[in-house]
Participant: 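Structure below; questions to follow.
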Amino acid sequence: MDTATAQRALQAAQAALQQGRPAEARGLLAALRKALPRERAVLYLSARLARSEGDPRGAAKLFEKALRASPREASLWAEYASTLDDAGRPEEAVNAYDRALQLEPRLVDAAIDRAVLQVRKLDRPAKIEDLRRIARDNPAHLRCWRNLAMLEREAFATEQAITAADHVLATAPGDASALATRAFAQFDSGEPSADYFARACAADPGNAALATKYAAALHGEGRSEDGDRLLGQILASQPFHLDALRTRAQLRWEAALGGDPMEGFEQAVARPGSPPEIWREYARLIERQSGAEAALEIVKRARASLGNTRDIALMAAQAACEADDFAEREDAIAAVADWKDPYADMLRARWLARMHRWDELATLGQRLLRAGLQRDILPYLSLAWRGSDPERWHWLERDGNLVGALDISSRLKDINALAGYLRSIHQSQRQPLEQSLRGGTQTDGMLFARTAPEIVELKAAIEDAVRDYLAGLPPRDPKHPWLSLPREIKRFSGAWSVRLQDAGFHVAHIHNLGDVSSACYIALPETLGADGNGTDGWLAVGEPPREFGLDWGPVRLIEPEVGRLALFPSWAWHGTRPFTAGERLTVAFDVALR
């Protein structure tokens, strides 16, 4: 192939690629690669074609060949880095971005992508400072500010997220991405956000996820019926939108609206082609609302609709774990036992715990522990060892010495003002369907993302107290699944307020999204201790759930006091004793150490 012919073929391939004719581009490039196997331009276009066709691994190999031909081309290194990111090779992607920026420090987009990659894919939250610096140096670079707004919000830095989004909107008031981030951040702040969502939805009318959050914002502002109507509109056009279905069920339940909370799910599964995930979520939520028998009925209907599929087997195993006649449903557990699927394994662990088959549970638990499922399996492994190997149980639980109680009242200016603020944000009529409380309400969203001064002060006091708690734990033990963890706060993975009233309580449960969990007492009823033995309303850590049929007591009981902060491993079973009457107002949170 002579030079002129090759040039024309290359131009034609580039045009075909740009105009969305991949088959034509592929044919032209195949001939060019055969004739010019080391030509940088041919390799580059071939890499772009592979990437456009969803083959980042193949594209990366072609970029590597192109870089051998042109090793000092900064933009080529940047595109290679982006491809490595797509191929699931983030560490290598960072190295490629580093090389691109060494060759050309002014590649702002490469610097942005490098920072975003490190924060999101490599879990390096401190790298957000790189993006802040880039934004300060490039005030007109709106892509940088959009990314900064999103990352600030993901880090629960609400005021900074609002500032970054407003920076974009000052130049581009109709920017759909910035409008969405601004609405989400306003919601996080605890201030009214429905009007912001209305603007964002107008700019992106097909975004059902955005509209679903708009409905949640309406509910949070006491306009639950408006939120319900909006969710109905979403589901009219997208009847299988899982988040909208779930949100509608939760909203109707919490607001005690008329009508069946599960109406959307019922309508969805009645439609032809209802996907398995809709059936599974329907069964899961109806078990929380109406019990295991209702869930088993959904499983039966799903099997008739979908057949004996893998999804149906998982649904049946889930319902079997919670059923009153769980002991008679071993076949449902056996059907998923050999899958080596984490979700199926956790269902089997729960069923074995209810059956008190401790040796089998210990064997399964240790395998899952080695597989990296610490946060999920440790509660069950603790039960297994308590039932079959007390020495290992004492080693794991440390006889309650992993539980701490600290007084933070001196770090708060006015705990009564904090209590008043918290009461003002409890808008629901009932507890969330999916949570552990009974007889109370729980706030939505990330409490520590709110910008109210009472919450800012509380978060700072809690951060100090958690550091004190971590510093006072038993010495590190590299063989211990929890005492081997870092002793620094990486992030808060959740924070919320609970308001229990008139005999309210928490059933025993665990948190699998953090490493340290908590209960911080803000207001308490005067009736605590009135049950005769003095423990009504107390926090019980290490006491198994009632449905396991065990008479094992807690490893530690914590007496509530206003301003007291209880801290314990997130995998430890914990619940509360009911109290006679009054209000028990708390803040709870999860801390991730890794």
Participant: Inspect the surroundings of CD in Glu488 and state if more than 12 heavy atoms from other residues, nucleotides or ligands are less than 6.0 Å away.
Facilitator: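 12 or below, so no.
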Participant: Minimum heavy-atom separation for Ala316 and Ala332, please, with both atom names.
Facilitator: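 The answer is O-CB, 4.0 Å.
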Participant: Flag the pair Asp113 and Arg143 as a salt bridge only when some basic side-chain nitrogen lies within less than 4.0 angstrom of an acidic carboxylate oxygen.
Facilitator: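 Salt bridge present between Asp113 and Arg143.
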Participant: Can Arg124 and Glu91 be counted as an ion pair, charged N to O under 4.0 angstrom?
Facilitator: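 Counted as a salt bridge, because a side-chain N and a carboxylate O are separated by less than 4.0 Å.
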Participant: Do any N or O atoms from the side chain of Asp590 and from the backbone of Leu513 form a donor-acceptor pair under 3.5 angstrom?
Facilitator: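 No.
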Participant: Return the minimal non-hydrogen interatomic distance between Thr83 and Ala59, and the atom names on each side.
Facilitator: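 Closest approach of Thr83 to Ala59: CG2-CB, 3.7 Å.
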Participant: Side chain to side chain contact (heavy atoms under 4.5 Å, CB included) between Asp55 and Arg57: does it pass, once the steps are laid out?
Facilitator: CA-CA 6 Å; Asp55 181 17; Arg57 293 184 180 180; 4.2 Å; yes
Participant: Considering residues, nucleotides and ligands other than Asp195, do more than 12 of their heavy atoms fall under 6.0 Å from its CG?
Facilitator: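 Atom CG in Asp195 is not crowded, with 12 or fewer foreign heavy atoms closer than 6.0 Å.
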Participant: What's the spacing between Leu10 CG and Thr3 OG1 if we round to 0.5 Å?
Facilitator: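 Interatomic distance, Leu10 CG to Thr3 OG1, rounded to 0.5 Å: 12.0 Å.
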Participant: Kindly check if the number of other-residue, nucleotide or ligand heavy atoms within 6.0 Å of NZ (Lys340) is above 12?
Facilitator: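 Yes - once you tally the heavy atoms of other residues, nucleotides and ligands closer than 6.0 Å, there are more than 12.
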Participant: So, do Phe589 and Phe492 have ring centers that fall under 6.0 Å from each other?
Facilitator: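 Close enough - the centres of the two rings lie under 6.0 Å apart.
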Participant: Tell me whether the count of non-hydrogen atoms from other residues, nucleotides or ligands lying under 6.0 Å of CD in Gln289 goes above 12.
Facilitator: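 Atom CD in Gln289 is packed in, count exceeds 12.
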Participant: Could you tell me whether Arg21 atom CZ has more than 12 heavy atoms of other residues or ligands within 6.0 Å of it?
Facilitator: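 Yes - once you tally the heavy atoms of other residues, nucleotides and ligands closer than 6.0 Å, there are more than 12.
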Participant: What I'd like to find out is whether the side chain of Leu179 reaches to under 4.5 Å of the side chain of Leu169, using heavy atoms alone.
Facilitator: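 Leu179 reaches Leu169 side chain to side chain.
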Participant: Looking only at heavy atoms, which two atoms of Gly227 and Ala215 are closest? And how far apart?
Facilitator: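 Scanning both residues completely, I find the closest heavy atoms to be O-CB, 3.5 Å.
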Participant: Any ion pair linking Arg367 and Asp345 (charged N to carboxylate O, less than 4.0 Å)?
Facilitator: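 The answer is yes: the pair qualifies as a salt bridge.
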Participant: What's the spacing between Arg146 CZ and Leu151 CG if we round to 0.5 Å?
Facilitator: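 The CZ atom of Arg146 sits 14.0 Å away from the CG atom of Leu151.
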Participant: Inspect the contact between Glu263 and Arg252 and indicate whether a charged nitrogen and a carboxylate oxygen are less than 4.0 angstrom apart.
Facilitator: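 Salt bridge: yes.
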Participant: Whether the Glu39 and Tyr44 side chains hold a donor-acceptor pair (N or O, under 3.5 Å, no angle test) is what I'd like checked.
Facilitator: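 No - no donor-acceptor pair under 3.5 Å links their side chains.
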Participant: So does Leu49 get a backbone contact from the side chain of Ser52, meaning a donor-acceptor N/O pair under 3.5 Å?
Facilitator: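 Flag set: sc Ser52 to bb Leu49 pair under 3.5 Å.
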Participant: Testing the basics here: between Ala194 and Leu218, what is the closest heavy-atom pair and its distance to 0.1 Å?
Facilitator: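 Here Ala194 and Leu218 meet closest at CB-CD2, 3.8 Å.
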Participant: For residues 233-243, please give each side-chain donor-acceptor pair under 3.5 Å, one per line with the distance, not counting sequence neighbours.
Facilitator:
unit_1, atom_1, unit_2, atom_2, d
Ser237, OG, Ile234, O, 3.1
His241, ND1, Ala244, N, 3.2

Participant: Between Trp482 (side chain only) and Asp515 (backbone N and O only), is there a donor and an acceptor less than 3.5 Å apart?
Facilitator: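 Confirmed, Trp482 side chain pairs with Asp515 backbone.
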Participant: Is there a donor-acceptor pair closer than 3.5 Å between any side-chain N or O of Asn138 and the backbone N or O of His141?
Facilitator: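 Flag not set: sc Asn138 to bb His141 has no pair under 3.5 Å.
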Participant: Please report the shortest heavy-atom distance between Ala13 and Ala25, naming the atom on each side.
Facilitator: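 For Ala13 versus Ala25, the nearest heavy atoms are O-CB, 3.8 Å.
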Participant: Applying side-chain hydrogen bond (donor to acceptor under 3.5 Å, both in side chains) to Arg594 and Gln374, what does each step give before you reach the verdict?
Facilitator: CA-CA 12 Å; Arg594 50 185 151 165; Gln374 290 181 347; 2.6 Å; yes
Participant: Return yes when atom NZ of Lys490 has more than 12 non-hydrogen atoms of other residues, nucleotides or ligands closer than 6.0 Å, and no otherwise.
Facilitator: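 Buried by this count: over 12 neighbours within 6.0 Å.
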Participant: Report yes if the side chains of Leu131 and Val116 come closer than 4.5 Å at any heavy-atom pair, otherwise no.
Facilitator: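 Leu131 vs Val116: side chains touch.
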Participant: Give the minimum heavy-atom separation between Trp77 and Ala100, together with the two atoms involved.
Facilitator: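 So the minimum-distance heavy-atom pair works out to CB-CB, 3.7 Å.
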Participant: Salt-bridged, Glu287 to Arg284, with N to O below 4.0 Å?
Facilitator: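 A salt bridge is absent here (no side-chain N lies under 4.0 Å from a carboxylate O).
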Participant: I'd like to know whether Glu64 forms a salt bridge (Lys or Arg N to Asp or Glu O under 4.0 Å) with Arg40, so could you lay out the CA-CA distance, the side-chain angles of the two residues, the decisive distance to 0.1 Å, and finally the verdict.
Facilitator: CA-CA 10 Å; Glu64 287 159 11; Arg40 178 264 182 215; over 6 Å; no
Participant: Return the orientation label for the Tyr80 and Phe63 ring planes: parallel under 30°, perpendicular over 60°, tilted otherwise.
Facilitator: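 Judged by the thresholds at 30° and 60°, the geometry between Tyr80 and Phe63 is tilted.
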Participant: Any heavy-atom pair between the side chains of Asp376 and Leu368 that's under 4.5 Å?
Facilitator: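 With C-beta onward as the side chain, the pair stays apart.
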Participant: Do the charged groups of Arg248 and Glu254 touch, with an N to O distance under 4.0 Å?
Facilitator: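 No salt bridge links Arg248 with Glu254.
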Participant: Once you measure the plane-to-plane angle for Phe197 and Phe187, does it fall in the parallel (<30°), tilted (30-60°) or perpendicular (>60°) bin?
Facilitator: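 It falls in the perpendicular class, over 60°.
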Participant: Which value, rounded to the nearest 0.5 Å, describes the distance between Gln14 atom CD and Gln19 atom CD?
Facilitator: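 Here the interatomic distance stands at 10.0 Å.
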Participant: Parallel, tilted or perpendicular: which fits the ring planes of Tyr282 and Phe265, with parallel below 30° and perpendicular above 60°?
Facilitator: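 Judged by the thresholds at 30° and 60°, the geometry between Tyr282 and Phe265 is parallel.
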Participant: Taking only residues at least two apart or on different chains, which pairs with a member in residues 183-194 satisfy side chain to side chain donor-acceptor pair (under 3.5 Å)?
Facilitator: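 Pairs touching residues 183-194 that pass the test: Arg153-Asp188, Arg182-Gln186.
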Participant: Determine, step by step, whether Met150 and Phe184 satisfy the side chain to side chain contact (heavy atoms under 4.5 Å, CB included) criterion, reporting the C-alpha distance in whole Å, the side-chain angles of both residues, the deciding distance to 0.1 Å, and the verdict.
Facilitator: CA-CA 9 Å; Met150 288 187 283; Phe184 281 117; over 6 Å; no
Participant: Does Glu159 CD have over 12 foreign heavy atoms under 6.0 Å away?
Facilitator: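 12 or below, so no.
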Participant: Going through the checks in order, is the side chain to side chain contact (heavy atoms under 4.5 Å, CB included) test met by Val456 and Lys459?
Facilitator: CA-CA 5 Å; Val456 173; Lys459 181 185 176 188; over 6 Å; no
Participant: Heavy-atom distance under 4.5 Å between the side chains of Arg132 and Glu152, does that happen here?
Facilitator: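 Answer yes - side chains close enough.
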Participant: Pairing donors with acceptors under 3.5 angstrom, does anything connect the side chains of Arg246 and Thr212?
Facilitator: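 No, no side-chain donor-acceptor contact under 3.5 Å.
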Participant: Within a strict 4.5 Å, meaning less than it, do heavy atoms of the Arg301 and Trp279 side chains meet?
Facilitator: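 Arg301 reaches Trp279 side chain to side chain.
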Participant: Drop me the distance from Leu17's CG to Leu28's CG, to the nearest 0.5 angstrom.
Facilitator: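 Interatomic distance, Leu17 CG to Leu28 CG, rounded to 0.5 Å: 11.0 Å.
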Participant: For a side chain to side chain contact (heavy atoms under 4.5 Å, CB included) check, start with the C-alpha distance between Met262 and Trp253, then their side-chain angles and the critical distance, and finish with the verdict.
Facilitator: CA-CA 9 Å; Met262 301 298 165; Trp253 171 263; over 6 Å; no
Participant: When rounded to the nearest 0.5 angstrom, what distance separates CZ in Arg491 from CD1 in Ile489?
Facilitator: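 If we round to the nearest 0.5 Å, Arg491:CZ and Ile489:CD1 are 12.0 Å apart.
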Participant: What residues form a salt bridge (Lys or Arg N to Asp or Glu O under 4.0 Å) with Asp260, not counting sequence neighbours?
Facilitator: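 For Asp260, no residue satisfies salt bridge (Lys or Arg N to Asp or Glu O under 4.0 Å) once neighbours in sequence are set aside.
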Participant: Rounded to the nearest 0.5 Å, how far does OH of Tyr214 lie from CG of Leu210?
Facilitator: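 It comes to 10.0 Å.
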Participant: Any side-chain heavy atom of Arg99 within less than 4.5 Å of one from Arg72?
Facilitator: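 Yes, side chains in contact.
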Participant: Any side-chain heavy-atom pair from Ser517 and Trp571 closer than 4.5 angstrom?
Facilitator: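 Result no, sub-4.5 Å side-chain heavy-atom pair not found.
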Participant: Indicate yes or no: does Glu277 engage Arg280 in a salt bridge with an N to O separation below 4.0 Å.
Facilitator: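 Salt bridge flag = no for Arg280 with Glu277.
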Participant: Are the aromatic rings of His511 and Trp496 close, with centres under 6.0 Å apart?
Facilitator: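 When the ring centroids of His511 and Trp496 are compared, they turn out to be within the sub-6.0 Å range.
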Participant: Quick one, Arg106 and Leu101 - any side-chain contact, counting heavy atoms below 4.5 Å?
Facilitator: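 With C-beta onward as the side chain, the pair stays apart.
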